Trainee: 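Pasting in a structure now, in structure tokens, and then I'll have a few things to ask.
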Amino acid sequence: MRPLAAAARKAGVQILLEHKMTAILREAPPSGRTLGVAADNKGQAVNIRARKAVIIATGGSTGNVNFRRMFDPRLTEEYCGLAGMPWSNQDSSGELAAMAIGASLWGLYNQTGEFGLSITKPGTIGSQFGYAYLRWMPGSPVFDRVRATGLRVADWQDLILVNMLGKRFYDETGGQFTANNHNSIEAYVQGSYRNTKNTKYNPNNFINAALAGIGDGHNGGGPIWAIFDADAVARERWDPNPPNVDIKAGFFFTADALSELAKKIKMQYQRVPMPPGNLEQTVARYNSFVDGGVDQDFGKPRPLHKIAKPPFYAAWATPVVHDTRAGLRINAKCQVIDVNGKVIEGLYCGGESAGGFSQHGLGRAVCQGYIAGRNAALDVLINPGAVSVPPSVSNKP
Ligand SMILES: Cc1cc2nc3c(=O)[nH]c(=O)nc-3n(C[C@H](O)[C@H](O)[C@H](O)COP(=O)(O)OP(=O)(O)OC[C@H]3O[C@@H](n4cnc5c(N)ncnc54)[C@H](O)[C@@H]3O)c2cc1C
């Protein structure tokens, strides 16, 4: 990003930090040209007039619980460890601002189609933020908000996963949604509709089991807890203490007996108490599977380790919400389209705030940024005399 920012500054771009866009200004919503944006700068409202166009590049929407539940009602508030949080929250502000002036959403199935990294199995446990490929370390400028680094799981044989009610729900070594990126379709022929025949849908994933409702009147599956004992700590070489685990905010618990452990699990997302008897029975049954060499409930490949040596631990292991693949409808010029299928003049969008292009990551964002920027630069110069500019919109470029 640094070379891009340097190049932009060299070309005369003014970058306004700590300005949060709060609205998109349109001539006569839901019609007319896009005129600029309203922003908040540390409590001070400012309006910024576009000379040519506005490009929405605010990133994704999955940090906004109400917004993401439009696509997947299961994603209730307990999925609170968005990848990138707490540095970047993906609050859907770009999508909401564009929708308020008539924009349409698109590619909603891409969000819920159960492929790719839209939701991931946690890579670390015992901390709110368990995204596999991002670990916050003490010394990070946001560590006061992260609170704990988490314990990286090397072998899912070392623990069992239980739901809010203390019951196992799946094979802990199970995977997540299959990715739809390079080489995941073999053989791939560019442009051929026949590629579909090589797509392998994998319904046997951890994510669906974890998100399944548990009959307490809510859609979401509730917290998932990793349960393990002192022997597992030794095998994994974990240090189950702060700053590795988050005891203070309720993402990690310890007790000398399983029933005590279940009673201790109290935190904002544990909607109902975990019945101590459930946890005891779950562990006893699992230990019998270790003796017998077969997981009769979920088919975990030969369960290896009993959970028997105190102290016992319960560590937050709830799935992590990651990619946004649903967003604003755009055309091939990255112009935003309204709910009637018409171009909103002077409004562009790219990256995770755009919908309809189901690819993970920077490749999509950078390409669409280039396309949107190029077309916005070619757009007509807004002539304040030719359009009726609301008095609140500054005429300064
Ligand atoms: C932990 C993590 C690891 C990843 N690893 C990879 C990887 O290895 N490879 C890969 O290709 N992709 C990776 N990705 C995905 C990739 O980072 C994103 O797809 C990409 O950054 C999206 O780009 P974007 O420009 O759409 O949005 P973002 O990069 O999210 O940028 C949006 C910007 O808009 C700002 N913003 C939001 N709302 C407002 C507002 N209202 N007003 C003003 N500014 C606002 C935000 O602060 C942010 O700076 C990763 C993502 C995460 C979170």
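Index from 1, following the sequence. These numbers were taken from a predicted model, which means no experiment stands behind them.
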Trainee: So that I can tick it off, tell me whether R271 and D216 are bridged by a salt bridge, with the cut-off set at under 4.0 angstrom between side-chain N and carboxylate O.
Mentor: yes
Trainee: For F177 and G116, work out which heavy atoms get closest and say how close.
Mentor: CB-O, 3.5 Å
Trainee: Of all heavy-atom pairs between V336 and C349, which one has the smallest distance, and what is that distance?
Mentor: CG2-CB, 3.6 Å
Trainee: Roughly how far, to the nearest 0.5 Å, is CG of N331 from CD1 of I337?
Mentor: 4.0 Å
Trainee: Quick one: CD1 on I214 to CE on M164, what's the gap to the nearest 0.5 Å?
Mentor: 3.0 Å
Trainee: Examine distances only and state if a side-chain atom of Q111 and a backbone atom of T62 form a donor-acceptor pair shorter than 3.5 Å.
Mentor: no
Trainee: To the nearest 0.5 Å, what is the distance between CG (L35) and CG (L347)?
Mentor: 11.0 Å
Trainee: If I take atom CG from residue L362 and atom CE from residue M1, how far apart are they, to the nearest 0.5 angstrom?
Mentor: 8.0 Å
Trainee: For residues F169 and I224, determine if any side-chain heavy atom of one lies less than 4.5 Å from a side-chain heavy atom of the other.
Mentor: yes
Trainee: Tell me the closest heavy-atom pair linking T124 and G130, and the distance in Å.
Mentor: OG1-CA, 3.2 Å
Trainee: Can you check whether T149's main-chain N or O pairs, donor with acceptor, with S127's side chain at less than 3.5 Å?
Mentor: no
Trainee: What do the steps show when you test D40 against K20 for salt bridge (Lys or Arg N to Asp or Glu O under 4.0 Å), and what is the final call?
Mentor: CA-CA 5 Å; D40 176 273; K20 183 178 169 71; over 6 Å; no
Trainee: Within the distance-only criterion (no hydrogens, no angle test), does the side chain of R68 pair as donor or acceptor with the backbone N or O of L75 below 3.5 angstrom?
Mentor: yes
Trainee: Would you confirm whether Q176, through its side chain, and T120, through its main-chain N or O, come within 3.5 Å as a donor-acceptor pair?
Mentor: no
Trainee: Give me the atom names and distance for the closest heavy-atom approach of P275 to L165.
Mentor: CD-O, 3.6 Å
Trainee: Between L328 and A98, which heavy-atom pair has the shortest distance, and what is it?
Mentor: CD1-CB, 3.5 Å
Trainee: Is any side-chain N of the basic residue among D291 and K306 closer than 4.0 Å to the acidic one's carboxylate O?
Mentor: yes
Trainee: Please list all pairs meeting ring pair (Phe, Tyr, Trp, His ring centres under 6.0 Å) that have one or both residues in residues 327-347, counting only residues at least two apart or in different chains.
Mentor: none
Trainee: Donor-acceptor check, side chain of E95 to backbone of G327, threshold 3.5 angstrom: yes or no?
Mentor: no
Trainee: Would a distance-only check, ignoring hydrogens and angles, find a side-chain to backbone donor-acceptor pair under 3.5 Å from N41 to E18?
Mentor: yes
Trainee: Test Q90 against every option in N64, D323, T58, L82 by the side-chain contact (heavy atoms from CB on, under 4.5 Å) rule and name the one that passes.
Mentor: L82
Trainee: Is a donor on one side and an acceptor on the other found under 3.5 Å between the side chain of K121 and the backbone of G174?
Mentor: yes
Trainee: Any idea which heavy atoms bring I125 and A226 closest together, and the distance?
Mentor: CD1-CB, 3.8 Å
Trainee: Roughly how far, to the nearest 0.5 Å, is CG of L151 from CD of E236?
Mentor: 8.5 Å
Trainee: Can you find a side-chain donor-acceptor pair between N205 and E114 that sits under 3.5 Å?
Mentor: no
Trainee: Could you check whether atom NZ of K52 has more than 12 heavy atoms from other residues, nucleotides or ligands sitting under 6.0 Å from it?
Mentor: yes
Trainee: Any side-chain to backbone donor/acceptor pair from R26 onto G32? Under 3.5 Å, distance only.
Mentor: yes
Trainee: Looking at D295 and R302, is there a salt bridge between them, counting it only when a charged N and a carboxylate O are closer than 4.0 Å?
Mentor: no
Trainee: Are the side chains of F67 and L96 in touch, meaning some heavy atoms are under 4.5 Å apart?
Mentor: yes
Trainee: Does Y370, at its OH atom, have more than 12 non-hydrogen atoms belonging to other residues, nucleotides or ligands within less than 6.0 Å?
Mentor: no
Trainee: Please determine whether side-chain contact (heavy atoms from CB on, under 4.5 Å) holds for the pair M274 and L279, giving the CA-CA distance in whole Å, both sets of side-chain angles, and the decisive distance to 0.1 Å.
Mentor: CA-CA 8 Å; M274 183 183 289; L279 188 60; 4.2 Å; yes
Trainee: Would you tabulate the side-chain donor-acceptor contacts of residues 256-267 under 3.5 Å, counting partners in other chains and residues two or more places apart, or write 'none'?
Mentor:
{"from": "E260", "atom 1": "OE2", "to": "K263", "atom 2": "NZ", "distance (Å)": "3.3"}
{"from": "K264", "atom 1": "NZ", "to": "T254", "atom 2": "O", "distance (Å)": "2.6"}

Trainee: For D155, what residues pass the salt bridge (Lys or Arg N to Asp or Glu O under 4.0 Å) criterion, not counting sequence neighbours?
Mentor: none
Trainee: Do F129 and Y131 have their ring centres less than 6.0 Å from each other?
Mentor: no
Trainee: Who else is in the cluster with V13 when I, L, V, M, F, W and Y are joined by side-chain contacts under 4.5 Å?
Mentor: I15, L17
Trainee: Got I56 and Y348 here, is their nearest side-chain heavy-atom distance under 4.5 Å?
Mentor: no
Trainee: Side chains of S358 and R325: donor-acceptor distance under 3.5 Å anywhere?
Mentor: yes
Trainee: Give a yes or no on whether a salt bridge exists between D379 and R374, defined as a side-chain N under 4.0 angstrom from a carboxylate O.
Mentor: no
Trainee: Which value, rounded to the nearest 0.5 Å, describes the distance between N287 atom CG and I160 atom CD1?
Mentor: 8.0 Å
Trainee: Any side-chain donor paired with an acceptor under 3.5 Å for N208 and Y170?
Mentor: no
Trainee: Does any N or O in the side chain of T34 come within less than 3.5 Å of the main-chain N or O of E345, such that one atom is a donor and the other an acceptor?
Mentor: yes
Trainee: Evaluate the side-chain proximity of L161 to I227: yes if any heavy-atom separation is below 4.5 Å, no if none is.
Mentor: no
Trainee: Under a plain distance cut-off of 3.5 Å, with no hydrogens placed, do N241 and D239 share a side-chain donor-acceptor pair?
Mentor: yes
Trainee: Taking atom CH2 of W156 as the centre, does the number of heavy atoms from other residues, nucleotides or ligands within less than 6.0 Å exceed 12?
Mentor: yes
Trainee: Any pair with a residue in residues 231-257 that passes ring pair (Phe, Tyr, Trp, His ring centres under 6.0 Å), sequence neighbours left out, goes on the list, sorted by first then second residue, please.
Mentor: W225-F253, F228-W238, F251-W316, F252-Y313
Trainee: Does T282 use its side chain to pair, donor to acceptor, with the backbone of N278 at less than 3.5 Å?
Mentor: yes
Trainee: So H360 and H322, would you call those rings parallel, tilted or perpendicular, with 30° and 60° as cut-offs?
Mentor: perpendicular
Trainee: Between R147 and D246, is there a side-chain N and carboxylate O pair less than 4.0 Å apart?
Mentor: yes
Trainee: Got a sec, which residues hit ring-ring contact (aromatic ring centres under 6.0 Å, His included) with Y286, two or more places apart in sequence or on another chain?
Mentor: none
